[in-house]
There are 2 protein chains.
Amino acid sequence: MPNNQFKKGELYSFITGKASIAIARRLQKKFNTAGLNLTIEQWSVLYHLWKEDGKSQQELCNATFRDKPSITRLVDNLEKLQLVKRVASESDRRINRIYLTKLAQKLQEQTMGLAEETLNEALGGVPADKIDVCKSVLQIVYDNLK
Amino acid sequence: MPNNQFKKGELYSFITGKASIAIARRLQKKFNTAGLNLTIEQWSVLYHLWKEDGKSQQELCNATFRDKPSITRLVDNLEKLQLVKRVASESDRRINRIYLTKLAQKLQEQTMGLAEETLNEALGGVPADKIDVCKSVLQIVYDNLK
DNA sequence: TTCATATAGTTGTTTAACTAACTATATGCC
DNA sequence: GGCATATAGTTAGTTAAACAACTATATGAA
């Protein structure tokens, strides 16, 4: 039988993800205040390239949980900002590998610092063990649905 | 001192809210499969009107955590779909009160059923006490940042 | 080798979010 | 009453997401 943990009044905020929206907005504000002309979505692509430069667009789709048109356009805008460049693969000409520019490499330390700052603000007053439980629940939700 | 619960590898998924995005996508698919021509964002407005019909646009902003232009356009589109209508307030002519049509009233039971179904799928295998911890953490995050 | 199929990426269209700038109405102080 | 200020809502411009349809390249079987 279905578990009825969710009554109507609580259902909405789980679906809309208010907490993560609030985190993203706070981080965006920090970027703006710091004079960084960068959206959170653009940052999320750079984030995965900092972990491993030269990912293909398809790999960025998987990593960022976005579809191909979304990545095409994010990479378009990142190229306009001179933060990445597309390089066609030699071995498989269907593939674009995306490489960070020096400008983007310089952004890593500053933006990751702002991101950590944001999370510390968000999680102020929450004990570490509860954060762990929360993370594990969200991971299961993601795995259940993907 | 700052809590360093977040190492780089875990930071991203908290900011991007993959779990809630996955829930919203699943619910949207259910709407589409059921032949409902309705976005999750439009549904989220109806949701708050089902709780209390005749809210003003500003009240919908607060309830849905959106800004005024977003609500203006969502109400525009809901009016085009014949699901709500704007009624100028008699006592304060700046205010529009938004009322559900009969068509929208009919959608409540079906869509709330699909939403509950979605959450049950998302939370399958998660014990109730962990869900409670997760909800409370997300609430604190939201309160910390708003 | 050739043709069907799969994969990588792009383009067009609609909906939505954020910011900034705007109009209209209400409130409150002088 | 009149004017400054606040509040409710709209409009314009940019970025992004979902979906469908498309091009180009690679793979694999006959």
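Convention: sequence-line order gives letters A, B, ...; per-chain numbering from 1. Being a predicted model, the structure only gives us computed values, none of them experimental. Basis for what follows: all heavy atoms, side chains included, without hydrogens, waters or symmetry-related copies.
Phosphate proximity of D:dC19 to B:Gln28: absent, as no side-chain N or O sits under 4.0 Å from OP1 or OP2. Distances shown here put every side-chain N or O of B:Gln57 at or beyond 4.0 Å from the OP1 or OP2 atom of D:dT7.
For the pair B:Ile71 CD1 and C:dA17 P, the interatomic distance rounds to 8 Å; values are reported in whole Å. If you take CZ of B:Phe31 and P of D:dC19, they are 14 Å apart, rounded to a whole angstrom. C:dT14 atom P lies 14 Å from atom CG of B:Leu81, rounded to whole Å. Atom C1' of nucleotide C:dA16 and atom CG of B:Leu78 are separated by 12 Å, given to the nearest angstrom. Atom CZ of A:Arg25 and atom C1' of C:dT19 are 12 Å apart (whole Å). Between the CD atom of A:Glu41 and the C1' atom of C:dA16 there is a distance of 12 Å, rounded to whole Å. One can place CD1 of B:Ile40 at 17 Å from C1' of D:dA16, the figure rounded to the nearest angstrom. Whole-Å rounding puts the A:Asp67 CG to C:dT10 P distance at 12 Å.
Taking only distance into account, the side chain of B:Arg93 never meets the base of C:dT25 through a donor-acceptor pair shorter than 3.5 Å. Side chain B:Arg73 to base D:dA12: a donor-acceptor pair is found below 3.5 Å. The base of D:dG9 is not paired with the side chain of B:Arg97 by any donor and acceptor separated by under 3.5 Å.
Under the salt bridge (Lys or Arg N to Asp or Glu O under 4.0 Å) rule, B:Glu59 has a single partner from B:Lys51, B:Lys68, B:Arg97, which is B:Arg97.
At the heavy-atom level, B:Leu74 lies under 4.0 Å from the strands shown only through sugar-phosphate atoms. Among the atoms of the strands shown, only primed sugar atoms or phosphate atoms (P, OP1, OP2) are found under 4.0 Å from some heavy atom of B:Asn96. Note on B:Asp92: only backbone sugar-phosphate atoms sit closer than 4.0 angstrom, heavy atoms only; bases stay farther off. Among the heavy atoms of the strands lying under 4.0 Å from A:Thr72 is at least one base atom, whether or not backbone atoms are also near. When heavy atoms are screened at a 4.0 angstrom cut-off, A:Asp76 is found touching no nucleic acid atom at all. B:Gln42 comes within contact range of the sugar-phosphate backbone alone, with a heavy-atom separation under 4.0 Å but no base atom that close.
Side-chain proximity of A:Pro69 to the nucleotides D:dG9, D:dT10, D:dC19 is greatest for D:dC19. Closest contact between the side chain of A:Asn77 and the listed nucleotides D:dA8, D:dA16, C:dA8 involves D:dA16. Listed candidates were C:dA16, C:dA26, C:dA8. Nearest to the side chain of B:Arg94 is C:dA26. Of the candidates D:dC19, D:dT15, C:dA17, the closest approach to any side-chain atom of B:Ser70 belongs to C:dA17.
A salt bridge is absent between B:Arg73 and B:Glu79; no separation between the charged side-chain nitrogens and carboxylate oxygens falls under 4.0 Å.
One side chain, A:Gln57 or A:Arg86, offers a donor N or O that lies under 3.5 Å from an acceptor on the other. Using modelled atom types, one finds a donor on one side chain and an acceptor on the other under 3.5 Å when comparing A:Arg66 with A:Ser44.
Relative ring orientation between B:Phe65 and B:Tyr142 is described as perpendicular, the plane-to-plane angle rising above 60° on a 0-90° scale split at 30° and 60°. In this structure, A:His48 and B:Tyr12 have perpendicular ring planes: the angle between them is above 60°, well past the 30° mark.
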